[in-house]
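Some notes on the structure that comes next.
Excluded from the calculations below are hydrogen atoms, water molecules and symmetry mates; all remaining heavy atoms, backbone and side chain alike, are included. Chain naming here is simple, since letters A, B, ... match the order of the sequence lines and numbering starts at 1 in each. Remember, it's a predicted structure, so these values are computed and weren't measured experimentally.
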2 protein chains.
Amino acid sequence: MDRRIQKTRKAIFDAFTIMLSRKSYDKITIRDLIEEANIGRSTFYAHFETKDDLLKAMCVDLFDHVFATDLAAEASHDFSVSQRSAKIMLTHILYHLLDDAARLRKIFACESSDLFWQYFRRPFTKLVTEQLLPMANQNALQLPQDLFVDHLTASFGEVVRWWFKTELSAPPEVVEEYFEITAFPLLKA
Amino acid sequence: MDRRIQKTRKAIFDAFTIMLSRKSYDKITIRDLIEEANIGRSTFYAHFETKDDLLKAMCVDLFDHVFATDLAAEASHDFSVSQRSAKIMLTHILYHLLDDAARLRKIFACESSDLFWQYFRRPFTKLVTEQLLPMANQNALQLPQDLFVDHLTASFGEVVRWWFKTELSAPPEVVEEYFEITAFPLLKA
DNA sequence: ATAGATATAGAACAAAGTGTCCGTTATTGT
DNA sequence: ACAATAACGGACACTTTGTTCTATATCTAT
């Protein structure tokens, strides 16, 4: 791929990240971005149609590889196996996040972080439905299924949120333990 | 209070609600609002400094009375009493929400509903800290306290979210039960 | 190394939105 | 009825947006 494109794209992403730490998403103007990125106006529009388009593209850049795991294929009908693979999968995701900590810390600490959590939550919901949902115990079955899924994704989201809020103070294994404490009363058989 | 002020304020709130169901918060312009509300431009600015100011004011109008309960004063050191009063308090909040269902359904169903959940969550966090936190059991104590609070507020938020998503299909008592199933494994002694 | 392709710079543009001001009109509370 | 004041609505300077254009710089493929 053309190195000019790579360079400009990175400059825009970096500028976007910096501006997000300075003001909220809807206060950021295209002018802010091109000045911070030090590029021409028409160059920005050659890469992205709108600010929303940029947001979406950066979320793909941030989160796609995090969930691009083939562990989902390891799903099992045996509870103990499936529970172990779920644990591995979640820890795996946390390590992926840790790999990109420098960028994600800024993103998750920013005023408009909710926008990014939305994009984080969507692919995670898929994994929950496929991996964690079959492990529901009796108590959980009293809940409507969609509420159960919402609850699990929110729980994991909150734990990760807390993790970044505390400057990644705990190792992924401990964070995964915390999630088990909050959510696994509804999962363990 | 001057009836003109009341009338204009309501017109702006209504217009804001309608526009929120049509487009996202940051796409809504002041022009949209004054056209929908059928008021003059300077009139809008006589009431609110900015769009963010309007958002904040409407959230006060929506949520202040919901949490304006003196049940918090009933806190007790006796677990069974405190558990019962917590249950009453939560159900009370759900009934408050039900009273204003017409407006809240539109708000919580809109594209920018996250903005409103933020304002909903803040006062609720206070109640959780004062009422629910003292009821933590052994398992919960393995969690950092701030994570525990985050988890409880998120759980209640998710249940309410689901409630509105399903068009308020269940009565408040059942919704409160659902919250107990998701959160009380960490609360019951 | 060169040539053809293409990304970027930079300026100009109309259209739309912002926030403020001010004189006029209409409505209100007492 | 009258004084107070809220709303109207036009005008203003200013910023942002998204597009278009040409000239220049940089890249890839050969």
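A donor and an acceptor atom never sit less than 3.5 Å apart when one is taken from the side chain of A/Arg4 and the other from the base of C/dT8. At a cut-off of 3.5 angstrom, the base of C/dG10 holds at least one donor-acceptor pair with the side chain of A/Ser42.
B/Phe13 does not carry B/Arg9 over the face of its six-membered ring by the limits of under 6.0 Å from the centre and within 45° of the normal.
Whole-Å rounding puts the B/Leu33 CG to C/dG17 P distance at 12 Å. Regarding A/Phe44, its CZ atom lies at a distance of 12 Å from the P atom of D/dT19, rounded to whole Å. At whole-Å resolution of the value, CZ in B/Arg9 and P in D/dA7 are 12 Å apart. In this structure, B/Ile5 places its CD1 atom 16 Å from P of D/dA4, rounding to the nearest Å. Rounding to whole angstrom units, NZ of residue A/Lys27 and C1' of C/dG17 are separated by 14 Å. When rounded to the nearest whole Å, the span between CD1 of A/Ile28 and C1' of D/dT16 equals 15 Å. A/Asp26 places its CG atom 12 Å from the P atom of C/dT18, with the value rounded to the nearest Å. Atom-to-atom, CZ of A/Arg3 to P of C/dT8 comes out at 14 Å; the value is rounded to the nearest Å.
Across all strands shown, B/Asp32 has no heavy atoms under 4.0 Å from either base or sugar-phosphate atoms.
Side chain of A/His47, nearest nucleotide from D/dT17, D/dC8, C/dT8: C/dT8. Checking D/dC27, D/dT17, D/dA6 against every side-chain atom of A/Arg31, the shortest atom distance belongs to D/dT17. Candidate nucleotides C/dG17, D/dC27, D/dT17 were compared by shortest atom distance to the side chain of A/Tyr45, and D/dT17 ranks first. Nearest nucleotide to the B/Arg41 side chain, out of D/dA11, D/dT17, C/dC21: D/dA11.
Under the 4.5 Å side-chain criterion, counting only non-hydrogen atoms from C-beta, A/Lys51 is not in contact with A/Leu55.
Annotation: A/Phe63 is not in aromatic contact with A/Phe124 [ring centroid separation under 6.0 Å not met].
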Starting from the C-alpha separation in whole Å, work towards a yes-or-no answer on ring-ring contact (aromatic ring centres under 6.0 Å, His included) for B/Phe108 and B/Trp117.
CA-CA 8 Å; B/Phe108 286 149; B/Trp117 283 112; 4.1 Å; yes

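Of the two residues near DNA chain C, B/Gln6 and B/Ile30, the one whose nearest nucleotide lies more 5' is B/Ile30. Of the residues near DNA chain C, B/Thr50 and A/Lys7, the one whose nearest nucleotide (by heavy atom distance) lies more toward the 5' end is A/Lys7.
At distances below 3.5 Å, not a single donor-acceptor pair connects side-chain atoms of B/Glu111 with backbone N or O atoms of B/Ser21.
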